[in-house]
Engineer: 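Dumping the structure here so I can ask a few things about it.
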Number of protein chains: 2
Amino acid sequence: MKPADSTVPLRDDVQDDRTQFIRDALHNAIVERRLAPGAKLVETEVGELFDVSRTVVRASLQMLAFEGLVRIERNRGAFVAYPSPDEARQIFESRRVIESEIAKCAAQRITDTDIAMFKAHLQEEDRLLAERGPNARRAAIKASGDYHLMLASVAGNLILERFMRELIARSSLVIALYGQSGASSCARSEHADILDALVAQDGKKAADTIRHHIDHIEEDLDYKVASNAPLRDALRI
Amino acid sequence: MKPADSTVPLRDDVQDDRTQFIRDALHNAIVERRLAPGAKLVETEVGELFDVSRTVVRASLQMLAFEGLVRIERNRGAFVAYPSPDEARQIFESRRVIESEIAKCAAQRITDTDIAMFKAHLQEEDRLLAERGPNARRAAIKASGDYHLMLASVAGNLILERFMRELIARSSLVIALYGQSGASSCARSEHADILDALVAQDGKKAADTIRHHIDHIEEDLDYKVASNAPLRDALRI
DNA sequence: CAAGATGAAATTGTATGCAATCCATAATTC
DNA sequence: GAATTATGGATTGCATACAATTTCATCTTG
């Protein structure tokens, strides 16, 4: 986005850093549910896939472990995280805390450019929801998370934004495990409600709306039933 | 060197993991200001100090980089973080958000055992403040942070607790850089005020009190003046 | 003398080798 | 036949080797 670099190098994101690249690839695979909770991530396999040594893969896995997307067990290896119901509740509780504050800040700071971006994003979400098929569904999941990340970005606090990034990613895991319906439809209209409050610069209302939105997401979960496959992984400990 | 730190509960199982051990040692050194902001952390040096290979040191440094205590620059190495005024403001803003919510939860969940622990801790803080000398001062700094971590622990949300751990550690760096007085004395009475609100199970008051407490800490900072040494490090970028 | 060029030493990035550990299956015992 | 114990392959933890990069002192050159 910023090709013109002045003499002062601000942030050299131009990293041919393969560690980051692999982290991003795995992160996306997990968030888009191409990698199921509990799946084992073998260092040599990943390394061959990306054509790097285990050293690099290890660093990537450690990054993901810090973010809570991967669990590393000593001498046993790395697994896609399998959040417990308790963890899940704490994730959503944390989101309510942080995201309602983010909404307040965003209501104060939102610009016309931001609003245009949000509107375009909402249309994209609509389009993906109308489409059928697993790929469209994955894209819809990702877009829904991205909406929340855009909010965090507008609020302008990089630290809270990073916390949110982590929470959104982990939420995706939780929904994959405990989600019941494809309740994204209700979520969609709520995203629009949030934007309305932001446009009206009504911080209080934006915060309330987003809190309710998170409540609704959580209401669609059934913590008693871990949805699909890896029961053996769940019971392993 | 290692008094039993019962105050900080570890979330992970006790692993003979040397990576974690080195991370903890460096973490403490930074938080207690034995390592100044900007200081370079050479992999081989650290490795020789702890008698491990660079592989292990690297993992520790990457952990610390995630927590924002260390900055890793490609091909240049790892440095103790040197938070900018902007970062500092965001750190305290994030603390206000998360910690006031933590206070609310803690007010609901606090037990008599907790209260006793808090009282003992306050006495310890008093004792350290009365003492003189750099070691007592370091211990006082650490104890002050530990008080906030105890709060987070009582609140019972492991995720917010981890966020707080990071924010407290980074606050210590900020105060080392921009702090003016040894204003811990005012902080001490405020810690007692917070406890009073908790004992009264008045969540609202606890939240307000802690917000003011954080305001006061921040008021003692002067973001214009980066206090002591490593100017050359500050200007390096 | 300032500014740049040069090269050696220091330091980091990555691959690889080896020992320790784990896991699955076969063999053994009762 | 069930439970327990060997055994071999797979996988991880860590140290080390080597290449790439940076740093710093020294040496030009104008």
Side-chain angles (χ1 to χ4, degrees), chain A residues 5 7-9 11-26 35 38-66 69-82 229-237, chain B residues 12-26 35 38-66 69-82 230-237:
Chain A
D5 50 341
T7 51
V8 181
R11 37 175 58 210
D12 47 341
D13 286 337
V14 198
Q15 39 191 357
D16 53 329
D17 197 341
R18 293 179 285 177
T19 303
Q20 186 70 27
F21 181 80
I22 294 174
R23 187 219 79 105
D24 290 345
L26 290 176
L35 278 171
K40 173 111 198 259
L41 300 168
V42 179
E43 294 174 357
T44 50
E45 266 181 55
V46 179
E48 281 166 21
L49 212 52
F50 291 96
D51 199 44
V52 293
S53 79
R54 284 175 48 219
T55 308
V56 179
V57 176
R58 250 163 166 284
S60 303
L61 292 174
Q62 281 165 347
M63 286 178 111
L64 290 164
F66 283 125
L69 280 192
V70 156
R71 184 169 40 104
I72 293 180
E73 294 179 34
R74 189 158 225 276
N75 285 323
R76 296 214 20 196
F79 306 82
V80 177
Y82 200 103
L231 231 177
R232 56 173 180 276
D233 274 306
L235 300 176
R236 175 151 286 169
I237 274 195
Chain B
D12 277 351
D13 36 318
V14 181
Q15 36 190 357
D16 60 323
D17 197 341
R18 293 179 287 176
T19 303
Q20 188 69 28
F21 180 80
I22 294 174
R23 188 219 80 105
D24 290 344
L26 290 175
L35 277 171
K40 171 116 198 249
L41 300 168
V42 178
E43 294 175 357
T44 50
E45 266 180 55
V46 179
E48 279 165 23
L49 211 51
F50 291 96
D51 199 45
V52 293
S53 78
R54 285 175 48 218
T55 309
V56 179
V57 176
R58 246 161 169 284
S60 304
L61 292 175
Q62 280 165 347
M63 284 178 110
L64 290 164
F66 270 112
L69 279 192
V70 156
R71 185 170 39 105
I72 293 180
E73 294 179 35
R74 185 160 232 274
N75 285 323
R76 295 216 34 231
F79 307 81
V80 178
Y82 199 103
L231 232 177
R232 57 172 180 276
D233 273 305
L235 300 176
R236 175 153 286 169
I237 274 196

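Just so it is clear, the values below take in all heavy atoms, side chains as well, and ignore hydrogens, waters and symmetry mates. Quick note on labels: first sequence line is chain A, next is B, and so on, each numbered from 1.
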Engineer: Is there a side-chain contact between B:R76 and the phosphate of C:dA10, meaning an N or O under 4.0 Å from OP1 or OP2?
Structural biologist: no
Engineer: If I take atom CD in residue A:Q62 and atom P in nucleotide C:dT14, what distance separates them, rounded to the nearest angstrom?
Structural biologist: 14 Å
Engineer: Please state how far atom CZ in B:R18 lies from atom C1' in D:dC14, giving the value in whole angstrom units.
Structural biologist: 7 Å
Engineer: Looking only at heavy atoms, which two atoms of B:G38 and B:Y82 are closest? And how far apart?
Structural biologist: N-CD1, 3.9 Å
Engineer: Grab the CZ-P distance between B:R74 and D:dT22 for me, whole Å please.
Structural biologist: 9 Å
Engineer: Any side-chain N or O of A:K40 less than 4.0 Å from the OP1 or OP2 oxygen of D:dT12?
Structural biologist: yes
Engineer: Between A:M63 and B:F66, which heavy-atom pair has the shortest distance, and what is it?
Structural biologist: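 Smallest interatomic distance, heavy atoms only, reads CG-CZ, 3.0 Å.
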Engineer: For A:N75 and C:dA19, what is the distance between atoms CG and P respectively, to the nearest whole Å?
Structural biologist: 16 Å
Engineer: Just the rounded figure in Å: distance from P of D:dC14 to CD1 of B:I22.
Structural biologist: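 One finds 10 Å between P of D:dC14 and CD1 of B:I22, rounded.
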Engineer: Looking for any heavy atom pair under 4.0 Å, which part of the strands does B:L41 touch: base, sugar-phosphate only, or nothing?
Structural biologist: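 The answer is sugar-phosphate, as B:L41 gets under 4.0 Å only of primed atoms, P, OP1 or OP2.
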Engineer: Let me know the distance between CD of B:E43 and P of D:dT21, rounded to the nearest Å.
Structural biologist: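 After rounding, the reported distance stands at 16 Å.
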Engineer: Are the side chain of B:T19 and the backbone of B:S60 linked by a donor-acceptor contact shorter than 3.5 Å?
Structural biologist: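 No, the answer is negative, given that no donor and acceptor are paired below the 3.5 Å cut-off.
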Engineer: To the nearest angstrom, how far is B:R71 atom CZ from C:dT12 atom C1'?
Structural biologist: 16 Å
Engineer: In terms of heavy-atom contacts, does CZ of A:F21 have more than 12 from other residues, nucleotides or ligands at under 6.0 Å?
Structural biologist: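 No, the 6.0 Å shell around CZ holds no more than 12 heavy atoms from other groups.
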Engineer: Does B:R54 or A:A78 map to a spot on DNA chain D nearer the 5' end, using the closest nucleotide for each?
Structural biologist: A:A78
Engineer: Given atom CD of B:E48 and atom C1' of C:dT11, what is their separation to the nearest angstrom?
Structural biologist: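 For the pair B:E48 CD and C:dT11 C1', the rounded distance is 13 Å.
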Engineer: Where each residue is assigned the nucleotide of DNA chain C containing its nearest heavy atom, which of B:T55 and B:V42 is assigned the position nearer the 5′ end?
Structural biologist: B:V42
